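Shown next, in structure tokens, is the structure this report addresses.
None of the values given here were measured: they were computed from a predicted structure. Throughout, residue positions are numbered sequentially from 1 according to the sequence presented.
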Amino acid sequence: MELLQTILWALVALGVLVTFHEFGHFWVARRCGVRVERFSVGFGKRLVSWYDKHGTEFTVAAIPLGGYVKMLDEREGPVDEDMLDQAFNRKSVWQRIAIAAAGPIANFILAIFLFWLVFLGGTAGPAPIVDKVTPGSLADMAGLEPRQEIVALDGHATPTWQALNWRLAKRLGDTGEMEFTVRYPDSHLEYEMVADINRWLSGKEVPDPLAEIGIELYRPPATMRLAVIAPDSPAEKAGLRAGDTVVSSDGQPFTTWEDWTAYIRERAGKAISVGVERDGETVTLEVTPIEHKLESGEVVGRIGVGPFGTPWPEEMIRRYEYGIGGALLKGLNETWEKTAFTLAGLKKLIFGEISPKNLSGPITIAKVAGTSAESGWQSFLGLLALLSISLGVLNLLPIPVLDGGHLLYYFVEAIRGKPVSERTQIIGLQIGMAMIIGIMMLALYNDITRL
């Protein structure tokens, strides 16, 4: 059931992104007087199709890994003389540039709209307050201490965990100084602390920025009372129930969730007796943790349970409300920042400043889509916006086959006054196809190794 939900949400995400991208091409092509013969979401066998009054066929196809807009074009076959003025290749170079650029632009507009919806509902998140500092770590050398709130990183505000994680992610592969702005509880005084970094986490396959700088942020302690029992998990098979309170394992008492889960993690494949309080009585059950592979490659024990948490103290929650205009401005700014972040990440990937293992493919995207959907509509819309930005940026890369490759040819044509030779375009197409296939294979390989 969980797998089906993951696939469903992934298809929803992909369908929305592809439809908006292709609609951008479609809408501008129509405005430029180009006849659109087919608008397809997906490739391969047609599942559903219909025609509009202009004769355009709209199709949903069986392979949901993209889409296309097929326009009337003399390069793809003979065109009736009375329809030559509607052929794509007969349009001016600037009209063709507009049509090619419209798909990525549509993705950026979609991202702005989605972020606007997210911020329209207001946002909230826990403040990044240091709970523990690892001795000898970057944070320790910079002087960070428990109870300090990290209010900014490199001069940029970090009011929540999410904001701090984003700012840290922007520094992956960098060399130089990382500047923390902190303050103590019940104080408005702020202090600057600096850590020196050198190609920070450039060789890490699955970087964990917070752990790597050596801090653990405060979170309310979990109780020992079970809130979630995963279906068909070792816990469910052993007879554990939501509402049980764990008191011991193998005769050893446990009072903190962290200690108990650490005990479970170390015993993959080994039977454990678990003592729980249920309806005023102590019940002992036997459960065998299954092996679970983390993204880092480490294999740990897992039984499929989750605890009731202690509520966050209100003073540690940062809440923000935006009006209609404020949410739009915030959406524009967020789209700009995430676009810059994506471009910087591509640059670091190309120049070897971060590991190519960070490249993700359809399996990872599907898993993240499913998880974000479970976290709520704001989380899912935020993910859609990020994916839309990524799709827009990637399609603008000057690689033949992509929109950016077509734009490159058209700009050269605009400067030279004549089209790029057909032979050059064919060679570019072959090189571009090889590059795209190579990138896709690497991303899929990374996905599989993370399973």
Side-chain angles (χ1 to χ4, degrees), residues 17-46 49 54-59 61 63 65-108 343 346 350 390-443:
L17 299 179
V18 168
T19 300
F20 267 82
H21 180 91
E22 299 304 334
F23 181 77
H25 294 307
F26 168 82
W27 190 84
V28 175
R30 279 272 180 91
R31 297 305 174 278
C32 291
V34 176
R35 175 179 173 79
V36 179
E37 298 188 324
R38 184 178 301 128
F39 182 122
S40 179
V41 177
F43 300 103
K45 183 179 179 180
R46 301 171 202 175
S49 66
H54 301 285
T56 299
E57 179 188 14
F58 292 84
T59 298
I63 305 174
L65 296 177
Y68 62 93
V69 170
K70 185 177 185 298
M71 292 172 264
L72 188 67
D73 195 314
E74 289 179 281
R75 295 169 299 179
E76 296 184 7
V79 176
D80 293 341
E81 190 170 341
D82 62 339
M83 299 183 70
L84 286 175
D85 63 328
Q86 299 180 55
F88 175 80
N89 64 291
R90 290 292 183 108
K91 298 301 177 180
S92 73
V93 67
W94 295 108
Q95 286 178 310
R96 283 178 277 139
I97 285 173
I99 294 168
I105 290 172
N107 283 123
F108 294 122
L343 287 169
L346 284 171
I350 292 169
S390 296
L391 185 60
V393 170
L394 291 174
N395 267 281
L396 285 175
L397 294 178
I399 300 174
V401 179
L402 300 178
D403 295 327
H406 297 303
L407 288 170
L408 176 63
Y409 289 146
Y410 299 151
F411 279 119
V412 170
E413 179 182 343
I415 294 169
R416 295 174 67 221
K418 61 180 181 179
V420 175
S421 71
E422 192 169 323
R423 174 175 170 76
T424 300
Q425 291 190 47
I426 291 173
I427 293 173
L429 180 66
Q430 293 171 339
I431 294 173
M433 283 293 291
M435 291 176 66
I436 295 301
I437 291 172
I439 292 170
M440 290 176 63
M441 293 298 291
L442 175 59

Under 30°, 30 to 60°, or over 60°: which ring-plane class applies to H21 and H25, parallel, tilted or perpendicular? perpendicular

Any donor-acceptor N/O pair, D80 side chain to D82 backbone, under 3.5 Å: no

Any donor-acceptor N/O pair, K91 side chain to D85 backbone, under 3.5 Å: yes

Any heavy-atom pair between the side chains of T56 and F26 that's under 4.5 Å? yes

Interatomic spacing from [atom1] in [X] to [atom2] in [Y] - rounded to 0.5 Å:
| X | Y | atom1 | atom2 | result |
| --- | --- | --- | --- | --- |
| L429 | E422 | CG | CD | 11.0 Å |
| L391 | N107 | CG | CG | 4.0 Å |
| Q86 | H54 | CD | NE2 | 10.5 Å |
| R35 | M71 | CZ | CE | 13.0 Å |

Would you please name every residue forming a salt bridge (charged side-chain N to carboxylate O under 4.0 Å, His left out) with E57, sequence neighbours left out? R38, R46

With sequence neighbours left out, what residues match R423 under salt bridge (charged side-chain N to carboxylate O under 4.0 Å, His left out)? none

Would you find more than 12 non-hydrogen atoms of other residues, nucleotides or ligands less than 6.0 Å from M83 atom CE? yes

Does atom OH (Y410) have a neighbourhood of more than 12 heavy atoms from anything else shown, all under 6.0 Å? yes

Who are the side-chain hydrogen bond (donor to acceptor under 3.5 Å, both in side chains) partners of [X], not counting sequence neighbours?
| X | result |
| --- | --- |
| T19 | none |
| S49 | none |
| Q430 | none |
| R96 | E413 |

Looking at residues at least two apart in the chain, or sitting in another chain, which of them share a side chain to side chain contact (heavy atoms under 4.5 Å, CB included) with [X]?
| X | answer |
| --- | --- |
| R90 | E74, L84, A87 |
| F411 | W94, I97, L407 |
| V393 | F108, T339, T342, L343, L346, I389 |
| L402 | N395, L397, I399, I436 |

I need the minimum non-hydrogen distance between G42 and A61, along with the two atoms involved. C-CB, 3.5 Å

Which heavy atom of G428 sits nearest to which heavy atom of P400, and what is that distance? O-CB, 3.0 Å

Using the ring pair (Phe, Tyr, Trp, His ring centres under 6.0 Å) rule, collect all pairs that involve residues 67-89, keeping only residues at least two apart or in two chains. F43-Y68

Salt bridge (Lys or Arg N to Asp or Glu O under 4.0 Å): pairs with one or both residues in residues 17-32, sequence neighbours excluded: R30-D52

